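Here the structure is laid out as structure tokens; the discussion comes afterwards.
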Amino acid sequence: MKKSLKIFLIVAAPLLLVAAFCGYHAYRVYSLDSGVYLSGDGSGGPESALSMLRFSKTLPQGIVCRALPDYLRAYDFDPNAFLEIGAAADYLVRPYDRSGNRTGYEFSQRYEKDSLEGELRSLWGEGTVITQYSKDDSCFRVAKVFQVESADSVVMLKTGLSGDSVLYVGKRKNGMVTECVACKWRDRHCDEVISEDKMELDSVSGKLISYTSRTRETYVEGTLSVGNEFYADKMMFDSLQRLVEYEFGDQVFRYEYSSNDTANYKVNILDESGRKVGFYKRKLKKNREIVKYGTDRSETEITRYYENGKLVKETSEKISFYESVTFRAKLFDLAGNEVLDSAFYEETFFPGLRFDPNAFIIKHEYGENGKLKSYKQIQESYGKAIPFIFVPASLKSRNEVGRLVFDYDETGRIKSITGESEDESRAIRYSFPFAMWRIVYSNDKLENYEECKEPYDPYKRLNARRRPKKKE
């Protein structure tokens, strides 16, 4: 009898431990806060409360009053940032022919940047306009962005390829933007409010007291759209301009700080019942800054290394519980330019298990004059004999999915940016010619063009750029 009991215990004990382990983690998965973002509007419970804490640290510098990107996943840099006043940038692409082979470069679209002059300057004031000409068969569609800044205001008018216009008007106080209103612009007047942001400042100290926001803009499947319902946020700040309360709909979160020290502190995020749902920590150690934050869904730890007061390296680890683990490292040169961004990603469910390891690497190369010479994006795929944390990963494939080469003239002005590798997944995802393209800068103007009369179809260019299959 005793022998049978011992055998039973020897067999049952490990099974009970495994069952307890699986049961605990299954219960924890089930008990996690939903953290679901409704079409990108930011209503993610504790995840949103943590995001707002990080966002609030930028508010003492003022509100950013401008159009949001048309796509949630923006490209890694904006080629129009190289565009000087009076200059133009021609976007050229190498499409496929019917047999699936690349042809020569063809004109796709153009951007021109100018100062506002004449009637436009009288109407809007001193500022700039960027005009986009997008070729659609034999005609062109035109989009414009006007931007005017003055001592007491900032104004942006964005007219898309479809002809719809949105006006952004920001008001300044004490040199920073404290209000921003966006509305649909029709017949030279605001027809319909899209979003409103406002900061309240203390009349004596000028410090931030509160911030309110309501918007109908949201991202649906990565594309910006305007819905019918407003989503509203409200933040309250203490005398040190620290976020102490965040309200979204019927959700209220409060923030408790461990001290008034701005270098080393901890913040606990509490829901309305007083339950801790998130945290944020910051600590300085000589030449290192360590930041750690998270909720019961995920945790992130970032370490920044400084030399002579300049950031030279940044490492981070993000654990999304029962989902994924990401390790990331960034390197910077003495001028503060990012030269390397390397991320290693693995899927995980139970602790210790690792699946589908992948790496994404971005390299920037700069010349002696500090000008960007090249940009390279690499994707690596790995495999494991056993999906366990301590089993090393072996490289299966390494693909260059993006490479840009920058060319300058003798004065240091940009002449062209050439994409020298294909990334068709980007081209399809963004409906934009990322695959085999080139941008040529000049001082020429586009004249004698015909504007399209048919309604704009945003899917037409996407379908036109799909790669035809080669004949067998």
Side-chain angles (χ1 to χ4, degrees), residues 55 58-72 74 78-89 109-134 141-201 206 208 210-219 224-227 230-233 235 445 451 456:
F55 166 72
T58 66
L59 280 176
Q61 285 75 52
I63 297 171
V64 178
C65 189
R66 63 169 179 259
L68 293 175
D70 292 331
Y71 299 95
L72 185 60
D78 181 11
N80 288 334
F82 295 86
L83 198 57
E84 299 179 354
I85 292 178
Q109 55 188 318
R110 154 180 284 237
Y111 288 83
E112 294 179 357
K113 185 174 183 178
D114 296 288
S115 298
L116 293 178
E117 302 292 347
E119 183 181 354
L120 291 176
R121 182 162 182 168
S122 300
L123 181 63
W124 295 103
E126 185 176 351
T128 60
V129 55
I130 294 181
T131 305
Q132 175 189 357
Y133 302 91
S134 183
R141 299 192 182 277
V142 182
K144 292 179 181 288
V145 176
F146 298 90
Q147 189 159 1
V148 176
E149 295 197 29
S150 64
D152 58 359
S153 68
V154 54
V155 177
M156 172 183 279
L157 177 63
K158 179 181 178 181
T159 301
L161 296 172
S162 63
D164 295 333
S165 299
V166 178
L167 178 69
Y168 297 80
V169 179
K171 296 182 180 179
R172 295 186 189 274
K173 182 182 266 188
N174 300 334
M176 65 181 182
V177 178
T178 57
E179 295 182 39
C180 182
V181 176
C183 61
K184 290 188 177 181
W185 183 253
R186 295 189 180 99
D187 300 325
R188 293 194 175 186
H189 72 276
C190 275
D191 184 60
E192 193 179 333
V193 174
I194 293 176
S195 66
E196 296 177 301
D197 296 85
K198 185 176 182 180
M199 294 169 51
E200 182 183 357
L201 306 179
L208 178 61
S210 67
Y211 167 79
T212 56
S213 172
R214 68 187 195 113
T215 181
R216 291 163 48 204
E217 288 186 307
T218 183
Y219 288 99
L224 185 66
S225 63
V226 178
F230 276 98
Y231 297 98
D233 295 286
M235 300 183 188
K445 296 296 180 182
E451 288 197 42
Y456 174 63

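Side chains are part of it too, since the values below use all heavy atoms of this structure and drop only hydrogens, waters and symmetry mates. The structure displayed is predicted, hence computed values, not measured ones.
- Residue-environment remark: NZ (Lys445) exceeds the threshold of 12 foreign heavy atoms within 6.0 Å.
- We find that Glu196 and Lys198 are not joined by a salt bridge, their nearest charged nitrogen and carboxylate oxygen being 4.0 Å or further apart.
- Ser225 pairs by the side chain to side chain donor-acceptor pair (under 3.5 Å) definition with nothing, not counting sequence neighbours.
- For Asp197 against Ser213, the heavy-atom pair with the smallest separation is OD2-OG, 2.9 Å.
- Between Lys144 and Leu120, the closest side-chain pair of non-hydrogen atoms is not below 4.5 Å.
- A search for side chain to side chain donor-acceptor pair (under 3.5 Å) contacts involving Thr178 returns nothing, not counting sequence neighbours.
- In this structure, Gly86 and Asp114 approach most closely via the heavy-atom pair CA-OD1, 4.0 Å.
- In this structure, the side-chain contact (heavy atoms from CB on, under 4.5 Å) partners of Thr128, at least two apart in sequence or on a different chain, are Ile85, Lys113, Gln147.
- Counting heavy atoms from C-beta on, the side chains of Arg110 and Tyr133 come closer than 4.5 Å.
- Scanning both residues, Leu83 and Glu112, for their nearest heavy atoms gives CD2-C, 4.2 Å.
- Between the OH atom of Tyr231 and the OG atom of Ser195 there is a distance of 14.5 Å, given to the nearest 0.5 Å.
- You'll find the side chain of Gln109 stays beyond 4.5 Å of the side chain of Leu161, heavy atoms only.
- In this view, Glu149 and Arg172 satisfy the side chain to side chain donor-acceptor pair (under 3.5 Å) rule, not counting sequence neighbours.
- Between the NZ atom of Lys158 and the CD1 atom of Ile130 there is a distance of 11.5 Å, given to the nearest 0.5 Å.
- Here the closest non-hydrogen pair linking Tyr219 and Pro69 is OH-O, 2.9 Å.
- The aromatic rings of Phe146 and Trp124 sit parallel, their planes meeting at an angle under 30°, below the 60° perpendicular limit.
- Enclosure of atom CD in Gln61 by more than 12 non-hydrogen atoms of other residues, nucleotides or ligands within 6.0 angstrom is indicated.
- Remark: Phe55 engages Met52, Thr58, Leu59, Tyr211, Met235 in a side-chain contact (heavy atoms from CB on, under 4.5 Å) (not counting sequence neighbours).
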Notebook entry, point to check: side chain to side chain contact (heavy atoms under 4.5 Å, CB included) between Thr212 and Asp233: does it pass, once the steps are laid out?
Noted result: CA-CA 6 Å; Thr212 56; Asp233 295 286; over 6 Å; no

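- Between Ala143 and Gly160, the closest heavy-atom pair is CB-C, 3.8 Å.
- A donor-acceptor pair under 3.5 Å is formed between the side chain of Arg216 and the backbone N or O of Gly227.
- Annotation: the span from Arg188 atom CZ to Leu167 atom CG amounts to 12.5 Å, rounded to 0.5 Å.
- At a threshold of 4.5 Å between non-hydrogen side-chain atoms, the residues Lys184 and Asp164 do not count as touching.
- When the side chain to side chain donor-acceptor pair (under 3.5 Å) test is applied to Glu126, no partner is found at least two apart in sequence or on another chain.
- By the 4.5 Å heavy-atom criterion applied to side chains, Arg186 and Glu192 are counted as neighbours.
- Taking both residues in full, the closest heavy atoms of Val177 and Cys65 are given as CG1-CB, 4.3 Å, listed atom of the first, atom of the second, then distance.
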